[in-house]
**Student:** 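Take this structure, written in structure tokens, and hold onto it; I'll ask about it next.
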Amino acid sequence: MNNYKNTSLWFNTMDQEPTVRNSLSGDIDADVAIIGAGYTGLWTAYYLKKLKPNLKIVILEAEIAGYGASGRNGGWVAGFITGLEKYVTNLPMSARKECCSILFKNVDEIGSRLHEEGIDVDYKKGGVLYAAARYPEQEKLQRKFLKQLYKSGHTEEDCYWLDAKQLEDKVRLRNGIGAIFKPHCATVNPALMVRGLADVVEKMGVEIFEKTRVSSIRPREVKTEFGTVRATTVVPALEGYSSTIKGFGRYIIPVQSLIIATEPLSDTLWDEIGLKNREAFCDGSRMVSYGQRSADGRMVFGARGGYVYGGKPRSEFSLGDAEFRVREELMYDLFPMLKDVKVTHGWGGSLGIPRNFAPHAIYDPESGMATAGGYGGQGVAPSHLFGRTLADLILNRQTIYTQMPWAFNNSTHQKALRKWEPEPFRWLTSKTIVQAFTWEENMYQTKKGPSLSKSVANQVSNALSLLMR
């Protein structure tokens with residue numbers, strides 16, 4: 001029997017082991033078949049039922065609702081999506097601002113929806129201290145990024161620079177010299193959110209079959225070991241598990257992110273750290289360290305993970321694994337005051353990276369296939385927005401969401417999906433990028449490299465990070 005409470009800290013906060021729903025037990029017909037009981041699949045089902053209650057909707061899940069990234073992430077409800085700038089660069093400024101406004105409002109709408117449905121997830125909108133800089137080179141990069149945000153439609157109220165003193169007033173990082181502050185971000189317990197949402201859609205009449213692994217997908221037909229589901233519309237909501245279904249791994253590959261959590265900290269220690277408003281945070285390093293102050297007073301801290309040869313998702317982790325020592329050292333480097341604090345949890349998960357490095361919501365009415373993803377590790381909030389977009393696309397509703405640059409139909413979806421290169425090119429490139437990032441970061445931290453070498457390191461890292469775009 002699986003001990004699902006050990007999936008992540010978030011599952012471990014539950015009072016009891018999650019109940020496993022029944023598996024599929026034979027062939028059935030449905031209007032909509034959704035593969036994956038994570039945020040994207042559940043929000044799509046939720047809005048389809050809201051808009052058309054008589055639809056017969058079936059969700060097929062290989063494990064239990066939330067077992068994938070939806071129950072394992074860092075708990076950010078962010079009003080932004082990595083990669084969206086690819087779509088908005090050539091739009092008029094008014095359209096860019098409208099797009100940004102929808103992303104910002106989405107954070108509040110999720111909070112309102114959770115409240116209305118009675119789903120308690122420790123929701124707290126404290127904003128995010130984004131890309132905190134600790135070296136002059138990082139500050140230069142982040143100030144340049146801030147200018148790009150303004151060009152993409154953000155205003156000075158939506159994001160602004162904090163100097164060293166202003167940053168220290170919010171969080172005390174070692175050598176913190178500045179950061180971008182974005183107010184449109186909340187933190188949640190993601191496992192409580194996905195499990196609560198699953199309960200809600202089930203009460204709405206959606207059938208959720210757990211422990212039902214899908215073996216193949218094609219238009220209007222989904223096969224499992226327990227039977228076949230025939231449906232007018234099929235929605236693969238797989239993200240980091242896309243490679244488990246033949247054909248889908250060509251477009252979305254899994255990359256791991258790893259997270260640790262400390263024991264609950266004392267009020268005195270939190271006074272020393274900051275984050276009084278439970279702000280989320282990330283630093284400006286290439287390794288992308290991030291975290292939050294949990295509702296029960298833990299430091300939750302994560303960092304960029306790795307890529308498994310062949311594009312295989314990963315679900316099993318142990319706090320004893322050496323890779324978690326790396327996360328601990330990164331946390332101690334940012335927060336030296338945590339050096340003697342006990343780390344009690346370590347977990348990870350697979351997020352989906354599209355070859356186009358941009359998010360998408362796609363529906364092809366001819367084949368009846370629909371999908372969404374490409375969130376780049378920030379899927380808690382966008383999955384709600386994209387599930388809503390898919391529902392409108394499937395029901396042929398012309399709304400503000402279907403007019404957004406992330407919405408694609410059968411004639412435009414090739415702009416959103418491209419095939420990844422074969423192995424070993426993906427694996428070799430990922431290793432090279434990580435090595436370059438590590439070299440650059442070490443050079444900045446030790447301050448041993450001459451300015452010319454630092455410039456070269458920066459240029460190499462920039463080039464490699466863009467190599468596969």
Side-chain angles (χ1 to χ4, degrees), residues 1-8 10-11 14 17-28 30 32-45 57-73 190-191 193-195 197-199 201-202 206-218 221-231 233-257 308 310-317 347-353 369-373 375 379 383 387 390:
M1 176 181 290
N2 286 303
N3 182 3
Y4 288 110
K5 285 196 71 173
N6 288 335
T7 300
S8 65
W10 313 118
F11 270 92
M14 295 181 177
E17 183 72 17
T19 301
V20 180
R21 295 174 173 86
N22 292 333
S23 302
L24 184 67
S25 59
D27 296 350
I28 60 172
V32 181
I34 297 171
I35 300 93
Y39 292 137
T40 299
L42 292 169
W43 282 122
T44 301
I57 302 173
V58 168
I59 299 179
L60 305 169
E61 167 58 46
E63 290 290 341
I64 66 169
Y67 180 75
S70 295
R72 299 171 181 264
N73 58 78
M193 180 168 157
V194 69
R195 296 295 295 180
L197 183 57
D199 290 341
V201 300
E202 197 169 40
V206 175
E207 296 180 87
I208 303 176
F209 296 104
E210 296 181 330
K211 305 296 288 186
T212 302
R213 189 172 299 278
V214 171
S215 56
S216 68
I217 302 171
R218 65 180 189 179
E221 183 180 272
V222 181
K223 289 189 175 182
T224 79
E225 58 184 312
F226 303 118
T228 298
V229 180
R230 292 173 295 272
T233 302
V234 174
V235 185
L238 296 162
E239 264 290 83
Y241 289 82
S242 295
S243 62
T244 62
I245 307 296
K246 185 177 180 180
F248 285 85
R250 295 176 298 174
Y251 304 101
I252 308 287
I253 61 172
V255 174
Q256 282 73 50
S257 188
V308 178
K312 298 176 182 178
R314 184 179 170 196
S315 301
E316 300 298 325
F317 299 85
W347 71 98
S350 296
L351 56 105
I353 302 294
M369 298 289 290
T371 191
Y375 308 127
S383 55
L390 280 186

**Student:** Once rounded to the nearest 0.5 Å, what's the spacing between atom CG of Leu42 and atom CD1 of Ile57?
**Tutor:**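 Leu42 atom CG to Ile57 atom CD1 measures 11.0 Å (nearest 0.5 Å).
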**Student:** Closest heavy-atom contact between Trp10 and Ala191?
**Tutor:**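 Reported closest heavy-atom pair: CB-CB, 3.5 Å.
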**Student:** Could you give the distance from NZ (Lys246) to CZ (Arg218), rounded to the nearest 0.5 Å?
**Tutor:** 12.5 Å
**Student:** Nearest heavy-atom pair of Phe11 and Gly66: which atoms, and what distance?
**Tutor:**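 Distance-wise, the nearest heavy atoms are CE1-O, 3.5 Å.
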**Student:** Closer than 3.5 angstrom, by distance alone: can the side chain of Tyr39 be matched with the main-chain N or O of Met193 as a donor-acceptor pair?
**Tutor:**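 No, because the side chain of Tyr39 does not come within donor-acceptor range (under 3.5 Å) of the backbone of Met193.
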**Student:** Output all residues satisfying side chain to side chain contact (heavy atoms under 4.5 Å, CB included) with Thr40, sequence neighbours left out; order by chain, then residue number.
**Tutor:** Thr44, Ala237, Ala372, Tyr375, Ser383
**Student:** Could you work out, with side chain to side chain contact (heavy atoms under 4.5 Å, CB included) as the rule, every residue matching Thr212, not counting sequence neighbours?
**Tutor:** Ser23, Leu24, Leu60, Phe209, Thr224, Phe226
**Student:** Which pair of non-hydrogen atoms, one from Gly71 and one from Ser8, has the smallest distance, and what is that distance?
**Tutor:** O-OG, 2.8 Å
**Student:** Provide the closest heavy-atom pair for Ile59 versus Ala45 in the form atom of the first, atom of the second, distance.
**Tutor:**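 Shortest heavy-atom separation between Ile59 and Ala45 comes out as CD1-CB, 4.0 Å.
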**Student:** Would you mind checking if Arg21 and Glu202 are paired as a salt bridge, meaning a charged N to carboxylate O distance below 4.0 Å?
**Tutor:** yes
**Student:** Taking only residues two or more places apart in sequence, or in another chain, which ones meet Val235 in a side chain to side chain contact (heavy atoms under 4.5 Å, CB included)?
**Tutor:**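 Result, side chain to side chain contact (heavy atoms under 4.5 Å, CB included) vs Val235: Val32, Ile34, Thr233, Ala370, Leu390, Ile394.
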**Student:** Do you know the tightest heavy-atom contact between Pro313 and Pro254?
**Tutor:** N-CG, 3.6 Å
**Student:** Is any side-chain heavy atom of Met14 closer than 4.5 Å to one of Tyr4?
**Tutor:** no
**Student:** Just wondering, more than 12 heavy atoms not from Asp27 lying within 6.0 Å of its CG?
**Tutor:** yes
**Student:** I need the Asn73 CG to Leu351 CG distance, nearest 0.5 Å.
**Tutor:**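 Asn73 atom CG to Leu351 atom CG measures 10.0 Å (nearest 0.5 Å).
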**Student:** Hey, is the main chain of Ser215 close enough, under 3.5 Å, to the side chain of Glu225 for a donor-acceptor pair?
**Tutor:**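 Side chain of Glu225 to backbone of Ser215: no pair is present.
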**Student:** Could you give the distance from CH2 (Trp347) to OG1 (Thr7), rounded to the nearest 0.5 Å?
**Tutor:**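 Answer rounded to 0.5 Å: 11.5 Å.
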**Student:** State whether Glu61 and Arg195 are salt-bridged, where the test is any N-O pair (Lys NZ or Arg NE/NH1/NH2 against Asp/Glu carboxylate O) under 4.0 Å.
**Tutor:** no
**Student:** Using the side-chain hydrogen bond (donor to acceptor under 3.5 Å, both in side chains) definition, which of the options Gln256, Arg72, Glu239, Arg314 pairs with Ser350?
**Tutor:** Gln256
**Student:** Which value, rounded to the nearest 0.5 Å, describes the distance between Ser242 atom OG and Ile35 atom CD1?
**Tutor:** 10.5 Å
**Student:** Testing the basics here: between Tyr241 and Ser315, what is the closest heavy-atom pair and its distance to 0.1 Å?
**Tutor:**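 Where Tyr241 meets Ser315 most closely, the heavy atoms are OH-OG, 2.6 Å.
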